[in-house]
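I have placed the structure first, in the form of structure tokens, so that the comments after it can refer back to it.
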Amino acid sequence: MIKAEKLSYSFPQKELYNKVSFTIEDNVHCAFIGTNGTGKSTMVDMILHPDDHLYEGKLTMDVPGRIGYVSQFYSLDEEKEETVFTYLSETFVQLQNQINEICDAMATAEDLEPLMEKYQTVMDEFQAIDGDFYESNIHKQLKVAGLKDYEDKLLTHLSGGEFKLVQVIREMMISPKFIIMDEPDVFLDLSI
Ligand SMILES: Nc1ncnc2c1ncn2[C@@H]1O[C@H](COP(=O)(O)OP(=O)(O)OP(=O)(O)O)[C@@H](O)[C@H]1O
Ligand SMILES: [Mg+2]
């Protein structure tokens, strides 16, 4: 559940929100519609990073799990030769590395209990996102999105729409409890 109560926020040159209130309940889809520059992306940023904004009113986030986020803009580092597969694997590899580090630490630790707890937490997180099968899941998801054989393509070689799809796949694969997509369909051709 996300709740805004009498939320006000302005940039020095522009007032965006003046005492707005809304609630997004669990298990709903919600569309946030407004013309260019009215503050949609700013609201998303406030929800994701409330501490970075000096707002008035109250913002409550009660989401029991991961939050997925597909940003409106994403600047790719042209120098970084990252493939679609590497980009989609990142969260899984990070968790795997954490698991390996904990196992290494266990080999020399005197008190195993805190490490065991940590191991269980990371392992639960890994399994919750079907970590054991992430490679085949990536393959499947790309196929469903019409991006078969894209695993080894560089992100910088994708079109805007292709990259948007890959971004959505990445966020969906971490099984978020809540996902925010800021204009996810902007570059996409929808078959109707
Ligand atoms: N960091 C900033 N400093 C000052 N003004 C900003 C800043 N970020 C955004 N703005 C202004 O705040 C307004 C809202 O911007 P925002 O990006 O939230 O709009 P939006 O509703 O997402 O628009 P769009 O549909 O074009 O994506 C705009 O007028 C923008 O110029
Ligand atoms: Mg925007």
Side-chain angles (χ1 to χ4, degrees), residues 1-80 82 86-95 97-98 117-118 121-122 124-126 128-131 141 145 155-156 158-188 190:
M1 184 266 292
I2 293 169
K3 192 170 184 182
E5 292 163 84
K6 294 192 175 161
L7 193 70
S8 301
Y9 186 75
S10 303
F11 285 116
Q13 307 82 354
K14 190 165 187 177
E15 180 180 75
L16 290 183
Y17 294 104
N18 186 8
K19 294 192 177 148
V20 294
S21 300
F22 61 84
T23 305
I24 305 173
E25 300 288 354
D26 291 346
N27 304 314
V28 295
H29 292 95
C30 171
F32 190 28
I33 300 168
T35 50
N36 294 136
T38 43
K40 303 178 297 293
S41 296
T42 305
M43 178 63 82
V44 166
D45 208 44
M46 283 166 73
I47 289 172
L48 292 171
H49 309 287
D51 295 344
D52 296 350
H53 298 82
L54 279 174
Y55 59 84
E56 282 171 28
K58 196 171 169 199
L59 198 49
T60 314
M61 285 281 287
D62 183 10
V63 179
R66 282 177 177 272
I67 296 178
Y69 170 54
V70 177
S71 64
Q72 180 174 10
F73 304 108
Y74 190 98
S75 52
L76 282 170
D77 182 352
E78 295 282 331
E79 303 286 305
K80 202 172 156 196
E82 190 172 24
T86 317
Y87 177 71
L88 292 177
S89 322
E90 210 172 334
T91 309
F92 301 94
V93 172
Q94 274 169 3
L95 288 173
N97 289 342
Q98 277 184 43
E117 256 176 52
K118 217 166 142 193
T121 309
V122 183
D124 287 348
E125 208 180 329
F126 189 65
I129 57 175
D130 204 19
Q141 294 300 332
L155 291 181
T156 47
L158 299 184
S159 73
E162 287 168 342
F163 180 60
K164 205 70 182 176
L165 278 172
V166 171
Q167 265 186 294
V168 173
I169 292 174
R170 177 174 149 128
E171 295 308 304
M172 296 303 285
M173 284 192 72
I174 58 162
S175 310
K177 287 284 177 213
F178 176 63
I179 185 160
I180 300 182
M181 302 200 212
D182 194 348
E183 314 227 11
D185 58 351
V186 161
F187 294 105
L188 301 185
L190 301 175

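Atom set for the values below is all heavy atoms of this structure, side chains included, hydrogens, waters and symmetry mates excluded.
In this structure the side chain of Leu59 reaches within 4.5 angstrom of the side chain of Leu7, judged on heavy atoms. Side-chain atoms of Glu90 and Arg170, non-hydrogen and from C-beta on, do get closer than 4.5 Å to each other. A 4.5 Å side-chain heavy-atom check between Gln141 and Met173 finds at least one atom pair inside the cut-off. When side chains are defined from C-beta on, Glu171 does not count as touching Gln167, because their heavy atoms never get closer than 4.5 Å.
In this structure, the side chain of Ser8 engages the main chain of Lys19 through a donor-acceptor pair within 3.5 Å. Ser71 places a side-chain N or O within donor-acceptor distance of the main-chain N or O of Phe73, the cut-off being under 3.5 Å. At distances below 3.5 Å, not a single donor-acceptor pair connects side-chain atoms of Lys40 with backbone N or O atoms of Phe32. In this structure a side-chain-to-backbone donor-acceptor pair under 3.5 Å is missing from Lys164 to Ser159.
Taking CD from Glu79 and OG1 from Thr156, the interatomic distance works out to 10.0 Å, rounded to the nearest 0.5 Å. Rounded to the nearest 0.5 Å, atoms CG (Asn27) and CE (Met1) are 13.0 Å apart. Between the CG atom in Asp52 and the CG atom in Leu54 there is a gap of 9.5 Å [rounded to 0.5 Å]. In this structure, the separation between CG on Leu48 and CG on Asp182 is 9.5 Å, given to the nearest 0.5 Å. In this structure, the separation between CG on Leu158 and CG on Leu165 is 10.0 Å, given to the nearest 0.5 Å. Atoms CE and OG1, on Met43 and Thr38 in that order, are 10.5 Å from each other to the nearest 0.5 Å.
Looking at every heavy atom in both residues, Ser175 comes nearest to Ala128 through OG-O, 3.8 Å. Taking both residues in full, the closest heavy atoms of Ser41 and Gln72 are given as OG-OE1, 2.7 Å, listed atom of the first, atom of the second, then distance.
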Can you list, pair by pair, the side-chain donor-acceptor contacts under 3.5 Å of residues 60-69, counting residues two or more places apart and other chains?
from, atom 1, to, atom 2, distance (Å)
Arg66, NH2, Glu125, OE2, 2.5

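Around CD of Glu183, the count of heavy atoms belonging to other residues, nucleotides or ligands within 6.0 Å exceeds 12.
Applying the ring pair (Phe, Tyr, Trp, His ring centres under 6.0 Å) rule to pairs touching residues 4-23 yields Tyr9-Phe11, Tyr9-His53, sequence neighbours excluded.
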